[in-house]
Amino acid sequence: MHRSRPMTLLALLMALGLLLAACGGGTATEGDGDGGDGETVSLSGGTFSPSTLTIPVGSTVTFTGSAGHTVTEGSNGTAVDDPIVDESGGAEPIVVTFNEAGTYQITCRIHPAMNLTITVEG
Ligand SMILES: [Cu+2]
């Protein structure tokens, strides 16, 4: 059993190193809020906040505070045909990735006055 100890320690150190590396990467990715990777839109006030958003193609938008709302591609409470997102909110954020350039209208089925315009730039 004594022989396995150095191996265990080594494994622990390697795991620690991996953990630290992973943490470092995460911090770098999330570093600046204006960066290309993601934006957050809050629904908690009964409006999409912000109500307009311009993002690079491939970005994700995280919708928070969506309980009691929907995140639906459409406008004035009505979905478009074949929406890229049409989800009822809940405790968990709704995360949408925009992989195609264009202008997307996002609305809430429950509150037609809730509207958001997302411009995805390629
Ligand atoms: Cu709503």
Side-chain angles (χ1 to χ4, degrees):
M1 277 305 155
H2 281 299
R3 269 181 205 174
S4 71
R5 228 166 236 278
M7 287 301 287
T8 309
L9 247 176
L10 193 66
L12 262 173
L13 282 172
M14 285 176 73
L16 201 74
L18 282 173
L19 259 174
L20 286 173
C23 284
T27 307
T29 311
E30 292 165 28
D32 71 36
D34 287 334
D37 292 319
E39 298 284 347
T40 300
V41 173
S42 171
L43 285 74
S44 56
T47 57
F48 289 101
S49 178
S51 61
T52 62
L53 201 57
T54 301
I55 56 174
V57 75
S59 299
T60 59
V61 177
T62 301
F63 296 88
T64 63
S66 58
H69 301 287
T70 77
V71 173
T72 302
E73 188 189 4
S75 57
N76 302 317
T78 303
V80 298
D81 291 339
D82 197 20
I84 60 164
V85 59
D86 185 13
E87 281 192 53
S88 296
E92 295 295 314
I94 296 170
V95 180
V96 184
T97 303
F98 293 86
N99 286 319
E100 281 187 46
T103 302
Y104 297 82
Q105 307 288 334
I106 303 293
T107 190
C108 170
R109 287 179 179 271
I110 300 160
H111 309 105
M114 291 177 66
N115 289 286
L116 162 70
T117 303
I118 300 178
T119 304
V120 180
E121 295 182 327

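Counting starts at 1 for both ligands and their atoms, in listed order. Keep in mind it's a predicted model, so treat the numbers as computed, not measured.
- Asn115 contributes no side-chain N or O that, together with a main-chain N or O of Ser75, makes up a donor-acceptor pair within less than 3.5 Å.
- For the residue pair Ser49/Thr47, the side-chain donor-acceptor check at 3.5 Å is not satisfied.
- Remark: the backbone N or O of Met114 is paired with a side-chain donor or acceptor of Thr107 at under 3.5 angstrom.
- Between Gly68 and Ile110, the shortest heavy-atom contact is O-CD1, 3.3 Å.
- Inside a sphere of radius 2.8 Å centred on the Cu ion (ligand 1), the protein N/O/S atoms present are His69 ND1, Cys108 SG, His111 ND1, Met114 SD.
- For the side chain to side chain contact (heavy atoms under 4.5 Å, CB included) with Val61, the lone residue among Thr40, Ile55, Val85 that qualifies is Ile55.
- Thr72 places no side-chain N or O within donor-acceptor distance of the main-chain N or O of Asp86, the cut-off being under 3.5 Å.
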